Protein chains: 2
Amino acid sequence: MINKVLVAEDHQTVNISVQRTLDGLGIICVDHTYYCDDALKKVEVAKTLGDSYDLLITDLYFEDDGLTQTIKDGMSLIPAVRRIQPELKILVFSGEKEPTVIRRMKEDIGIDGYVIKARNDAKELEMAMDAISKNQTYFPRISQQKMKYGEAFNLSSHDIAILKLLANGISQKDIPLHLKKDNLIPCSLSSVEKRLNKLREEFNCTNNEQLIAACIVAGFLKMTS
Amino acid sequence: MINKVLVAEDHQTVNISVQRTLDGLGIICVDHTYYCDDALKKVEVAKTLGDSYDLLITDLYFEDDGLTQTIKDGMSLIPAVRRIQPELKILVFSGEKEPTVIRRMKEDIGIDGYVIKARNDAKELEMAMDAISKNQTYFPRISQQKMKYGEAFNLSSHDIAILKLLANGISQKDIPLHLKKDNLIPCSLSSVEKRLNKLREEFNCTNNEQLIAACIVAGFLKMTS
DNA sequence: GTAGCAGATACGGTTTTCCGTAAAATTTAC
DNA sequence: GTAAATTTTACGGAAAACCGTATCTGCTAC
């Protein structure tokens, strides 16, 4: 359960809407800070007082307003707070939507969630909070991001072939047959399973249905018939 | 394997394109007829000569050009030829796209395939031929048909809820939890399974992935996030 | 009230998917 | 050529989906 939250965000308008979202979730104890240095200090103090935060919601980029800061962005803030309170949950809320950045945050830095600032980010925030409160993670699906034909996700034509077969009603175990028919390799069931696993992971999908949905919406899969 | 085909179709332009499609599939022996009565007679004669047709491709509606005919449409032709040659495969190729009609043809009359005349019906014809030659059936998916919000398929809000959960990555076995949370009934796993089974059947989908794809393309499922 | 009916749920067996690991094959480096 | 590394395939156990059937529940008719 998440009770105490710290929000590190330099734009006041954003702060207000985040506050409202948290209100809606019944989270009363919310602290705000406009600087990374200040955020770090707040985490530190709360911890020593035995009243640690449960979650840090932070932006990635903070504007430089002249005040000299040792920590200048969220990217540096995260490892700093981790050193003080390793179990602190971290949710990044940022306009940054580059898949490579998001993936790095997820895989290398190991944050708990990422929400891109966009049209209906409030709803996303809620979903992320829900996931994190259940010790799950939350990351955006590709569909929200407009990107070229699979480029950033290195979607191979082979991947597309598999997805198309699936979306055309071919059962997973029969996909090897169809791949062989078209002389595509790899074509073993094992390799198909691995591919799909990889794709689900990359797109943050938990099942094939969601994967298909995401790929259609993102335009990777063009359903003609 | 399909070698000998009879095409019952009163529009010459359609006849030509059907012919070309069959040519492309390597089917040499193709007879054409412009009237249902004539089609019936051809089937009869071929059978008595011990050289029966393997497949009848027929339209549903035939224009009345003054010549008095006993059989006026494909709907009546089908039972008539069935009486003569029950095992004859039947593929309906028609502009009729009413789901209720198609469903009746499939379930009550038990035809082997149905292709709607539309943009890329040639490709569909090929696929139907392929399926039928393998003793499978072929029926259109909803995506090709523009229709109101699930109306003709009596897609309930409950169905949509289930599909949405699936497309949002909820595993089938966890769907009951989410339904209960929203006080929706029925909410047992069993009922979810049954519902999905029904939907797959109605939409002629063999797996959930295809079902989701079809519903998205048809606009039943709006993927916002 | 009860008998009958329809919808919902529970259950069990089979198939399929999932996922980790090991073996085999192919490529790359040297 | 061999050795190492990478990719593909094979395999096996656990989980999930699939599907038929049986039970339960609530409703209608009488």
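Numbered from 1 within each chain, the chains take letters A, B, ... in sequence-line order. Bear in mind the structure is a predicted one, so any value in this text is a computation, not a measurement.
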**Request:** Decide, yes or no, whether a salt bridge links A:Arg82 with A:Glu87 under the criterion of side-chain N to carboxylate O below 4.0 Å.
**Result:** no
**Asked** Do A:Glu193 and A:Asn197 meet the criterion of a side-chain donor-acceptor pair at a distance under 3.5 Å?
**Response** no
**Prompt:** C:dC18 phosphate, OP1 or OP2: any side-chain N/O from A:Asn208 under 4.0 angstrom?
**Reply:** yes
**Donor-acceptor under 3.5 Å (B:His178 side chain, B:Leu165 main chain)** = no
**Prompt:** What's the spacing between B:Asp159 CG and B:Glu202 CD if we round to 0.5 Å?
**Reply:** 8.0 Å
**Prompt:** Rounded to whole angstroms, how far apart are NZ on B:Lys198 and C1' on C:dG7?
**Reply:** 12 Å
**Message:** Determine whether a donor-acceptor pair (N or O, by modelled atom type, separation under 3.5 Å) exists between the side chain of A:Gln210 and the backbone of B:Asn168.
**Reply:** yes
**Prompt:** Any luck finding a side-chain donor-acceptor pair between B:Arg200 and B:Asn207 under 3.5 Å?
**Reply:** no
**Request:** Could you tell me from which nucleotide to which nucleotide of DNA chain D, 5' to 3', there is an atom under 4.0 Å from chain A heavy atoms?
**Result:** D:dT8 to D:dA10
**Message:** Would A:Lys42 and A:Tyr53 count as a cation-pi pair here, with the cationic atom under 6.0 angstrom from the ring centre and within 45° of the axis?
**Reply:** no
**Asked** Taking atom P of C:dA8 as reference, at what distance in whole Å does atom CG of B:Leu184 sit?
**Response** 12 Å
**Request:** Could you identify which residues of residues 188-195 of chain A place a heavy atom less than 4.0 Å from some atom of DNA chain D, listed by residue number, or say none?
**Result:** A:Ser188, A:Ser190, A:Ser191, A:Lys194
**Asked** On DNA chain D, nearest-nucleotide positions of A:Cys187 versus B:Thr206: which is more 5'?
**Response** A:Cys187
**Request:** For B:Gln172 and C:dT15, give me the distance from atom CD to atom P, rounded to whole Å.
**Result:** 18 Å
**Message:** Could you tell me how far apart B:Asn197 (CG) and C:dA8 (P) are, to the nearest whole angstrom?
**Reply:** 15 Å
**Message:** If I take atom CZ in residue A:Arg200 and atom P in nucleotide C:dT17, what distance separates them, rounded to the nearest angstrom?
**Reply:** 11 Å
**Asked** Counting N and O atoms only, with roles assigned by atom type, does the side chain of B:Ser76 sit under 3.5 Å from a partner on the main chain of B:Lys72, one being a donor and the other an acceptor?
**Response** no
**Item:** Donor-acceptor side-chain pairing of A:Asp112 and A:Gln136 below 3.5 angstrom
**Value:** no
**Rounded distance (Å) that lies between atom P of C:dT16 and atom NZ of A:Lys173** = 4 Å
